[in-house]
Amino acid sequence: MIEVIVNGVRTEVSTEMNVNEIIKELKYKQKGFALALNGTFVAISTYDTTMICDNDSIEILAPVQGG
Amino acid sequence: MTKHIEHQTDTWEIGGKTLNSRLLIGSALYPSPANMEEAIKVSEAQIVTVALRRQAAGENAGGNFWNIIKSLNIHVLPNTAGCHSAKEAITTAQMAREVFGTNWIKLEVIGDQYNLQPDPFETVKAAEVLIKEGFEVFPYTTDDLVVAKRLADVGCKIIMPWGSMIGSGKGLMNPDNLLAIRKQFPELKLIVDAGIGKPSHATQAMELGYDGVLLNSAIALAQDPVKMANAFKFAVEAGRLGYEAGTMQQREFASPSTPTVGTPFWHQFS
């Protein structure tokens, strides 16, 4: 097991894995959001090749009302 | 009558898009999604601001909100609200571009939590990076002329000075400052963003020669947001027409409107 911070909450996942895999493991929907890893934007096209490691911080953001 | 019709079909351009409405409105704080949808329709605004926030696992990303916005066939202007550094704002802008499918970004970098005043240093820094990355930056800034100059220097074609603090409804605190920016940058698109509380504030901004106004709370927090959206539509139109018509010069003395020639009882009984 490794620990990652997902939207500010410390969370355990099974192992190091790529972004697509962690989205599935965390039971997120497959589209309609954007993701940042350790404060840096990760494009959808690189989800397969971007690895999530122990203590990484992920932000998963979706559309909301704004002013 | 003919001129009125001409105005109705008058268009302007911002961020590579041709628009008919000079009213930009936010999508937050409405009593309900249905009320927001109706208010946006009635306002006839063609640009609506949206945002990104953390999503919980299992949620339908964006949910009903995003579906409503998409169905309105309008231009979305994502914001970077809540960011306190250039780095946060740049990352949020990149995420917004992917989710919303637009290179437009309302750049907000807050420098003070009490009055939500924009941080001019971080805003300029972020604007420079984002413009190089191909964004059309709509920077939210104060009414400081030099900050506007710095934003223009890094390539901003649009500048959005505040009228007053976000959500305050106080109107235009420093109309002279706003006018100075207008005079100095006739080639830029200028939008008064934040602080507008009632339709007359929007009219005043438009009379100064601003290209548009952006507001949210003034409509969403009205007793009747849909009716207020209608009021703002007319207020913005009235202000623009007034600007185009050219207002009279102020005078330091009274001057009668009614002709004095033929005045009855002229000094007969005094």
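Protein chains get the first letters and strands the later ones, always in sequence-line order, with residue 1 at the start of each.
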Verdict with supporting geometry, B:Arg22 and B:Met206, side chain to side chain contact (heavy atoms under 4.5 Å, CB included): CA-CA 9 Å; B:Arg22 293 174 180 273; B:Met206 298 306 294; 3.6 Å; yes
Looking only at heavy atoms, the pair that brings B:Asp211 and B:Lys189 closest together is OD2-CA, 3.3 Å
Whatever's closer than 4.5 Å to a heavy atom in chain B on A:Val9 counts as neither
Under 4.5 Å to a heavy atom of chain A? For B:Ala194 that would be neither
Partner of B:Pro161 under side chain to side chain contact (heavy atoms under 4.5 Å, CB included), picked from B:Val147, B:Leu151, B:Thr142, B:Ile181, is B:Ile181
Which of B:Asp193, B:Ile196, B:Val192 passes side chain to side chain contact (heavy atoms under 4.5 Å, CB included) with B:Leu215? It is B:Ile196
Shortest non-hydrogen contact between A:Met17 and A:Val13, atoms and distance: CE-CB, 4.2 Å
Student check: side-chain heavy atoms of B:Phe234 and B:Leu23 closer than 4.5 Å: no
Does this structure show an ion pair linking B:Glu122 with B:Lys125, if we count only N-O contacts that are shorter than 4.0 Å? yes
Going by atom types only, do B:Arg53 and A:Asn7 share a side-chain donor-acceptor pair under 3.5 Å? no
So which residues of residues 83-110 of chain B are in contact with chain A at a heavy-atom cut-off of under 4.5 Å? B:Lys87, B:Thr91, B:Gln94, B:Met95, B:Glu98, B:Val99, B:Phe100, B:Lys106, B:Glu108
Out of B:Val50, B:Leu24, B:Leu52, B:Asn216, which one racks up the most heavy-atom pairs below 4.5 Å with chain A? B:Leu52
With a 4.5 angstrom heavy-atom cut-off, is it the side chain or the backbone of A:Ile44 that approaches chain B, or both, or neither? both
Answer with side chain, backbone, both or neither: which region of A:Leu26 has an atom nearer than 4.5 Å to a non-hydrogen atom of chain B? backbone
